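See below for the structure under consideration.
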Amino acid sequence: RVLVGIKVDESHANWVTAYNMLTGIRVSVSRTNAKLDRPLTDADFEAKQKSTFDIAGNELVPSAKYDFKFKDYAPWVFRHLRALFRLDPADYLMSLTGKYILSELGSPGKSGSFFYFSRDYKYIIKTIHRSEHKFLRKILKDYYQHVTDNPNTLLSQFYGLHRVKMPYGKKIHFVIMNNLFPPHRDIHQTFDLKGSTVGRDFIEDDLDKNPRATLKDLNWLRRRRRVELALEKKRLFLDQLQKDVGLLQRLQIMDYSLLIGIHDRQRGNEENLRDKTLQIFNPGGDVPEEYDPQSVLMRTPSKLENQRKARELRQMIKSERPIPMGQSSSRMPDELDEGHNRPGFVFNQDDGGFRATHEDGSPADEIYYLGVIDCLTHYGIIKKIEHFWKGLSSDSTKISALPPQEYGERFMNFISGVTMSAEEAAREAQERDQA
Ligand code: ATP
Ligand code: CA
Ligand code: CA
């Protein structure tokens with residue numbers, strides 16, 4: 001997948017969909033947040049709220065540019081999840097509100113999902129298949145319990161689950177989740193690791209064309225890469241990962257991966273396209289068709305402007321008055337200076353990520369931004385068929401579609417393997433030879 005964002009503006013094929021998604025989110029999230037908080041009930045996990053938007057509007061739903069239907073799933077559960085993940089309600093809405101709203105990430109992968117970044121790059125909207133949607137609703141209670149028990153979970157943080165339907169259009173399901181990568185730092189290398197080797201190779205020749213491409217297991221092995229963490233940090237990481245994988249195994253989930261973005265402090269932010277940003281937002285200038293979504297976020301709005309905006313939004317939420325989309329400016333929260341160390345979150349403690357450490361505990365040059373993504377694939381009939389067919393042609397323990405228990409074990413083995421120091425690895429190899 002090419003990590004280049006295309007701005008979704010009025011000329012974009014998905015503009016209407018994107019506009020409707022954001023209008024729906026804005027209205028439904030502010031509706032739920034306007035109410036007095038209360039404990040969750042069992043019914044909250046099943047709940048869904050439908051709204052019909054049109055040009056006229058009514059006392060419950062403001063007028064919108066286009067006709068569409070919107071469904072908000074388990075709104076109270078997601079409100080509580082956002083609180084557990086310590087999102088500020090006004091900030092959340094502000095990020096997803098605005099004129100230059102989203103950028104679309106490359107072309108859809110083999111799953112057919114589309115990815116959109118919020119304009120401040122903090123959130124990702126991912127369209128998901130109906131089966132993934134149904135599955136998330138089914139496991140929502142387990143997921144909620146897990147997040148409650150594991151505030152530092154490495155699993156994708158889900159902030160909302162919705163559906164939009166346009167007249168004569170398909171139903172589009174989508175989730176809103178955390179972007180693992182920070183808006184304020186260059187990510188110099190990205191790996192998507194599953195612990196499988198079959199089909200897990202990004203063609204190295206294509207790296208020239210796309211130096212920021214997401215690399216895979218074989219690229220990782222070829223580079224003899226390691227996740228360099230001293231004892232204490234390694235323990236925190238592997239313990240949490242084991243708990244998260246335990247949940248995924250129990251829920252019969254597979255096909256997930258560990259996404260690792262690496263920022264190299266030696267290289268710093270030299271590739272940041274701050275100047276280009278101004279060009280993009282220069283009202284008179286030409287807007288380039290394609291640009292790095294990161295660059296959009298590098299524009300520094302005045303702090304006062306942001307404070308004013310945040311105040312406005314808080315008031316609107318309180319008064320249950322919907323936020324007019326067109327009016328909000330293209331400004332965004334002050335991303336560059338604050339709010340990146342998410343206090344209390346272990347894996348975001350160092351500049352928003354988790355800093356590499358040498359064996360003696362001293363800090364190393366790299367910062368890892370990491371988490372477990374794509375965790376809504378249930379080991380259902382499709383995977384069973386895939387397992388059968390692929391199993392005929394290659395070593396069946398190496399293919400990526402394995403039953404969830406084995407998938408999780410292989411995944412954990414691979415990841416704990418790459419966190420080993422050279423010494424540990426040598427010791428392990430020796431023990432293996434002796435056995
Ligand atoms: P497939 O099922 O074919 O693997 P998918 O459409 O389900 O694809 P994902 O595996 O969820 O897509 O994500 C594809 C890529 O998008 C990842 O490898 C990563 O580069 C990027 N990505 C996904 N989720 C995130 C996230 N939360 N933060 C940052 N980048 C992400
Ligand atoms: Ca994937
Ligand atoms: Ca997938």
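Counting starts at 1 for both ligands and their atoms, following the listed order. Computed from a predicted model, the values in this text were never measured in an experiment. Residue numbers start at 1 and run along the sequence shown.
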Inset, instruction - Mind checking whether D192 contacts ligand 1 via backbone (N, CA, C, O), side chain (CB onward), both or neither, at a 4.0 Å heavy-atom cut-off? - result: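 Side chain only.
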Inset, instruction - Give the contacting part of N179 toward ligand 1: side chain, backbone, both or neither, where contact means a heavy-atom distance below 4.0 Å. - result: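 Contact part for N179 vs ligand 1: both backbone and side chain.
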Inset, instruction - Give the atoms of ligand 1, by number and element, whose distance to some non-hydrogen atom of M177 is under 4.0 Å. - result: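 Selected atoms, number and element: 24 (N).
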Inset, instruction - Under 4.0 Å from a heavy atom of S113: give me the atoms of ligand 1 that qualify, with their elements. - result: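 With S113 as reference, the close atoms of ligand 1 come out as 6 (O).
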Legend entry - the Ca ion (ligand 2) neighbourhood, protein N/O/S only, threshold under 3.0 Å: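 D374 OD2, with waters left out.
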Legend entry - salt bridge (charged side-chain N to carboxylate O under 4.0 Å, His left out) assessment of R223 paired with E204: CA-CA 11 Å; R223 284 168 177 69; E204 305 265 349; 2.8 Å; yes
Inset, instruction - Out of Y123, F115, F117, indicate the one that has the non-hydrogen atom closest to atom 9 (P) of ligand 1. - result: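 When every heavy atom of Y123, F115, F117 is considered, F115 comes closest to atom 9 (P) of ligand 1.
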Inset, instruction - From atom 27 (N) of ligand 1, work out which of I187, D255, N178 has a heavy atom at the shortest distance. - result: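 Among I187, D255, N178, the closest heavy atom to atom 27 (N) of ligand 1 comes from N178.
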Inset, instruction - Ignoring angles and geometry beyond distance, decide whether K126 reaches within less than 3.5 Å of ligand 1 through its nitrogen or oxygen atoms. - result: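 Yes, since at least one N or O of K126 sits under 3.5 Å from an N or O of ligand 1.
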Inset, instruction - Would you check whether K194 has a nitrogen or oxygen atom less than 3.5 angstrom from a nitrogen or oxygen atom of ligand 1? - result: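 The answer is no, given that K194 and ligand 1 share no N or O pair closer than 3.5 Å.
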Legend entry - Chi angles and distances behind the ring pair (Phe, Tyr, Trp, His ring centres under 6.0 Å) call for Y121, F181: CA-CA 8 Å; Y121 208 54; F181 301 153; 8.2 Å; no
Inset, instruction - Answer yes if the ring centres of Y368 and F237 are under 6.0 angstrom apart, and no otherwise. - result: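 No, the ring centres sit 6.0 Å or more apart.
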Which residues pass the side-chain hydrogen bond (donor to acceptor under 3.5 Å, both in side chains) test with [X], sequence neighbours left out?
| X | value |
| --- | --- |
| D365 | Q266 |
| Q189 | none |
| D208 | none |

Inset, instruction - Identify which one of H133, H129, K134 satisfies the side-chain hydrogen bond (donor to acceptor under 3.5 Å, both in side chains) criterion when paired with S131. - result: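 One option only clears the test, and that one is H129.
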Legend entry - Test: D350 and R265 ion pair at under 4.0 Å: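 No.
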Legend entry - Residues E424, R226: salt bridge by 4.0 Å N-O rule: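 No salt bridge links E424 with R226.
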Legend entry - Min heavy-atom dist T190 to ligand 1 below 4.0 Å: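 Checking ligand 1 against T190, which is what was asked, there is no heavy-atom contact under 4.0 Å.
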Legend entry - R225 to F191, cation-pi by 6.0 Å centre distance and 45° axis angle: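 Not satisfied by the 6.0 Å and 45° rule.
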